[in-house]
Protein chains: 2
Amino acid sequence: MDGIQPPGRLVTLTDVAREAGVGESTVSRVLRNHGSSSKRARERVAEAVARLGYVPNRLAGSLAGPGASAQLAGVIVPSLANVVFPDLLRGLTGALDAAGIRCVIGVSDYDPDREEALAAALLSWRPAALLLTGLEHNPGTVALARAGGVRVVEMIDTDGAGIDAVVGFSNRAVGAASARHLVARGYRRIAYLGHDLRVDLRAGKRLAGFEAALGEAGLALQAQEIRPGPSSPGSGRAGLEALLARHPDLDAVYFSNDDMALGGYFACLAAGLAVPGRIALFGFNGLDFAAAMPQPLSTVRTPRLEIGRQAAACLIGEGPKRIDLGFELIEGATA
Amino acid sequence: MDGIQPPGRLVTLTDVAREAGVGESTVSRVLRNHGSSSKRARERVAEAVARLGYVPNRLAGSLAGPGASAQLAGVIVPSLANVVFPDLLRGLTGALDAAGIRCVIGVSDYDPDREEALAAALLSWRPAALLLTGLEHNPGTVALARAGGVRVVEMIDTDGAGIDAVVGFSNRAVGAASARHLVARGYRRIAYLGHDLRVDLRAGKRLAGFEAALGEAGLALQAQEIRPGPSSPGSGRAGLEALLARHPDLDAVYFSNDDMALGGYFACLAAGLAVPGRIALFGFNGLDFAAAMPQPLSTVRTPRLEIGRQAAACLIGEGPKRIDLGFELIEGATA
DNA sequence: GCGGCTTTTGGCAGCGCTGCCAATCCGGTT
DNA sequence: AACCGGATTGGCAGCGCTGCCAAAAGCCGC
């Protein structure tokens with residue numbers, strides 16, 4: 001398999017051509033199944049490839065080809081700690097795989113400057129597309145994306161104008177729907193419990209939509225608890241405990257996401273507070289565990305995988321520029 | 001920023017050289033900060049780069065350089081649905097970022113053939129390293145990895161021989177430690193509840209270690225429930241319900257991971273079964289939520305991020321070939 | 001103002017591949 | 001037997017960059 005190569009040098013297409021006794025162009029054509037070639041040529045090339053263990057060098061291939069690399073996609077996500085983004089990647093890689101496109105990933109840690117640096121770094125691989133999260137970016141990032149000569153897809157958020165293609169749902173609408181649900185269920189003394197909003201702008205948009213809808217119902221947020229650091233069940237539990245200590249009269253809490261809500265639920269279990277009788281809980285994301293809870297979590301299911309898939313479709317088959325995939329409110333039993 | 005380029009062509013190093021009034025080699029040297037250059041040259045190049053919005057083409061750079069691309073790492077994980085792998089990626093990207101190395105990812109869906117195809121696809125980008133999950137691969141994958149002329153790092157599992165470098169912990173030892181813990185706590189009628197073992201070989205190794213340790217204590221697994229599909233809280237809940245229906249006399253359950261265990265905990269809450277009085281639960285992974293539960297989950301914390309970091313170190317600074325990062329048994333309150 | 005030295009510079013080949021084009025081949029015609 | 005159109009083929013330039021090397025520039029002391 002690994003042949004008798006002088007260890008320093010890998011097998012090249014030229015080696016294959018020599019071994020197969022055909023020209024380089026023939027090998028190239030056969031391997032890419034592009035243009036015409038005789039059965040005999042195909043067989044000889046296949047044999048030589050197997051014999052030498054040839055692995056094409058796409059660096060060279062992409063450089064020589066016309067549109068530079070059309071085989072890589074640059075993806076920048078703010079985090080990998082939040083299930084949302086791996087789910088997004090899952091949808092992406094799944095759909096891109098079939099097209100032979102690989103994802104090169106960058107993690108911005110919710111830092112726009114880092115995002116910009118990553119955009120430049122990823123563009124230097126001349127990807128077919130640049131996939132960003134959200135609509136808010138540094139001017140420099142936008143300039144890079146525009147000048148990069150690549151398709152740009154902004155994922156998850158549709159509340160605002162995008163650079164090129166946008167695939168996601170309206171976070172404002174999610175917040176509004178969540179508020180309307182709580183109001184309709186009769187909750188009046190409602191608080192918000194979230195993680196750092198300065199970094200997670202989409203959570204901020206949900207909250208804005210939530211407050212707006214509350215306002216329309218003549219209500220206002222009774223309290224707001226913002227926990228430092230990333231969202232987590234631990235943070236949600238501590239947050240709800242803190243919130244209820246300060247505002248014992250609350251009857252419902254809107255969490256920035258399901259992880260926080262799960263922590264809140266644990267806090268209620270631990271303190272023996274009836275859910276939703278004493279306090280109602282409402283999440284966001286519709287994660288797996290939400291449905292498995294003794295009382296299914298009331299939340300909003302977001303089409304994370306589908307966003308990834310549609311984003312992939314956007315770079316392959318020139319789909320529409322703007323796709324709103326909506327969301328689904330899950331009534332659950334906690335609110 | 002995006003200059004006055006004819007839209008088809010991106011700015012090249014030659015353009016920068018012309019704009020700056022210096023030679024191409026000078027631009028190259030300045031940009032890579034390699035070799036000596038005058039202050040004046042550096043300034044002129046910097047200006048030209050900014051003026052033209054130049055983004056280097058690493059495809060070309062890597063092709064021209066000596067060791068092909070040393071700036072990409074190919075990573076193959078079996079799944080992105082299990083938090084473990086995003087965590088791994090998180091550690092990896094974090095550590096690799098500083099070195100300017102980007103990860104190209106492939107998701108094998110626990111399929112060795114797919115893994116092999118992905119290995120070939122990733123190697124075609126001439127990465128500096130190939131990072132695999134686990135130690136079990138197709139012969140073809142191993143051959144590719146060896147012939148690829150790249151550093152190979154196998155992550156997570158240390159129970160067996162690796163191709164090149166191995167970073168992880170012993171899954172067998174985790175299983176054994178978990179069993180000893182349960183035995184020491186007095187549990188005797190112990191069952192295993194997991195997801196499909198044929199695909200998740202590491203879960204199988206944990207179970208093997210678990211059963212071996214049980215055997216040493218003169219005990220045997222009372223029952224075993226394998227749920228189809230991936231692990232999830234929903235699957236864990238349904239699994240525990242099924243298990244207890246068949247074997248009401250169980251006093252402890254070892255889950256394939258925390259997600260499953262969380263589902264089991266929910267099942268107990270829903271059925272009003274005392275944990276650990278009526279039934280003890282033991283997980284694996286040490287996820288965030290485990291500590292936030294009303295009763296902290298008894299589990300084993302695995303060094304997922306650290307595995308990623310050490311794997312990164314393996315490709316940068318020629319670290320040791322084999323790193324066992326161990327694990328930590330968390331006593332919790334559920335077992 | 002001139003060697004002798006170091007620093008800085010530009011030209012150019014070539015990394016492995018693909019696209020283009022001209023050459024060759026094949027089978028059937030005339 | 002010479003001829004024709006399409007299928008198949010190989011040669012070679014060139015993608016954008018880096019490494020090498022020789023040339024040019026700068027610097028020192030005399």
Side-chain angles (χ1 to χ4, degrees), chain A residues 5-6 8-45 48-49 52-72 123-127 148-149, chain B residues 5-6 8-45 48-49 52-72 123-127 148-149:
Chain A
Q5 311 319 314
R9 217 176 60 77
L10 293 174
V11 185
T12 71
L13 180 139
T14 310
D15 298 327
V16 175
R18 194 183 312 114
E19 177 82 10
V22 299
E24 301 180 31
S25 343
T26 302
V27 178
S28 174
R29 267 185 309 250
V30 168
L31 291 179
R32 283 173 305 136
N33 205 27
H34 179 265
S36 56
S37 53
S38 63
K39 190 168 177 243
R40 185 172 158 284
R42 279 191 297 268
E43 286 168 358
R44 304 204 56 165
V45 168
V49 164
L52 299 175
Y54 171 66
V55 175
N57 184 338
R58 284 205 203 241
L59 250 31
S62 299
L63 183 61
S69 161
Q71 323 267 42
L72 287 179
L123 284 172
S124 75
W125 291 104
R126 296 291 185 267
Chain B
Q5 310 319 316
R9 220 176 60 77
L10 293 173
V11 184
T12 71
L13 181 139
T14 310
D15 299 326
V16 175
R18 195 182 313 114
E19 177 81 11
V22 299
E24 300 180 31
S25 345
T26 303
V27 178
S28 175
R29 268 185 307 252
V30 168
L31 290 179
R32 283 173 306 139
N33 205 28
H34 179 265
S36 56
S37 53
S38 62
K39 192 171 173 234
R40 185 173 157 284
R42 280 190 297 267
E43 287 168 357
R44 303 202 57 164
V45 168
V49 164
L52 298 176
Y54 172 65
V55 175
N57 184 338
R58 286 205 203 240
L59 251 32
S62 300
L63 183 60
S69 161
Q71 323 267 39
L72 287 178
L123 284 172
S124 76
W125 292 104
R126 296 292 184 267

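Atom set for the values below is all heavy atoms of this structure, side chains included, hydrogens, waters and symmetry mates excluded. Being a predicted model, the structure only gives us computed values, none of them experimental. By convention in this document, chain letters (A, B, ...) are assigned in the order of the sequence lines, proteins followed by strands, and residues within each chain are numbered from 1.
- When the P atom of dG14(C) is taken as reference, atom CG of Leu63(A) falls 17 Å away, rounded to whole Å.
- One finds the CG atom of Leu72(A) at 6.5 Å from the OG atom of Ser62(A) (value rounded to the nearest 0.5 Å).
- In this model, the phosphate group of dG19(D) is approached by a side-chain N or O of Arg32(B) to a distance below 4.0 Å at OP1 or OP2.
- Remark: P of dG16(D) and CG of Leu10(B) are 8 Å apart, rounded to the nearest angstrom.
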Identify every side-chain donor-acceptor pair in residues 19-27 of chain B under 3.5 Å, counting partners at least two apart or on other chains, and give the distances.
unit_1, atom_1, unit_2, atom_2, d
Glu19(B), OE2, Arg51(B), NE, 2.6
Glu19(B), OE2, Arg51(B), NH2, 3.3
Thr26(B), OG1, Arg29(B), NH2, 3.3

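- Remark: P of dC15(D) and CG of Asp15(B) are 11 Å apart, rounded to the nearest angstrom.
- In this model, no donor atom of one side chain and acceptor atom of the other lie less than 3.5 Å apart for Ser38(A) and Arg42(A).
- Taking side-chain N and O atoms only, Ser28(A) has a distance below 4.0 Å to OP1 or OP2 of dT18(C).
- At a threshold of 4.5 Å between non-hydrogen side-chain atoms, the residues Thr12(B) and Asn57(B) do not count as touching.
- Counting to the nearest Å, the P atom of dC17(C) and the CZ atom of Arg126(A) are 20 Å from each other.
- Atom P of nucleotide dG14(D) and atom CG of Leu59(A) are separated by 22 Å, given to the nearest angstrom.
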Full working for side-chain contact (heavy atoms from CB on, under 4.5 Å) between Leu31(A) and Val49(A): CA-CA 9 Å; Leu31(A) 291 179; Val49(A) 164; 4.0 Å; yes
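- At whole-Å resolution of the value, CG in Leu31(B) and C1' in dG19(D) are 16 Å apart.
- Taking five base pairs at each end of the helix from dG1(C)-dC30(D) to dT30(C)-dA1(D), the local helix axes there meet at an angle of 50°, rounded to 10°.
- Remark: of the listed residues Asp15(A), Leu13(A), Leu10(A), Leu13(A) is the sole one forming a side-chain contact (heavy atoms from CB on, under 4.5 Å) with Tyr54(A).
- With rounding to the nearest 0.5 Å, the separation of CD in Gln71(B) from CG in Leu59(A) is 10.0 Å.
- The interatomic distance linking Gln71(B) (CD) with dT18(D) (P) rounds to 10 Å, in whole Å.
- With rounding to whole Å, Asn57(A) atom CG is found 13 Å from dC15(D) atom C1'.
- The CZ atom of Arg32(A) lies 11.0 Å from the OG atom of Ser37(A); values are rounded to the nearest 0.5 Å.
- For the atom pair CG of Leu52(B) and CZ of Arg18(B), the computed distance is 9.0 Å after rounding to the nearest 0.5 Å.
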Heteroatom pairs (N/O) under 3.5 angstrom, protein to nucleotides 9-12 of chain D:
unit_1, atom_1, unit_2, atom_2, d
dT9(D), OP1, Ser38(A), OG, 2.5
dT9(D), OP2, Ser38(A), N, 2.9
dG10(D), OP1, Gly23(A), N, 3.4
dG10(D), OP2, Gly23(A), N, 2.6
dG10(D), OP2, Thr26(A), OG1, 2.3
dG10(D), N7, Ser25(A), OG, 3.2
dG10(D), N7, Arg29(A), NH2, 3.3
dG10(D), O6, Arg29(A), NH1, 3.2
dG11(D), N7, Ser25(A), OG, 3.2
dG11(D), O6, Ser25(A), OG, 2.7

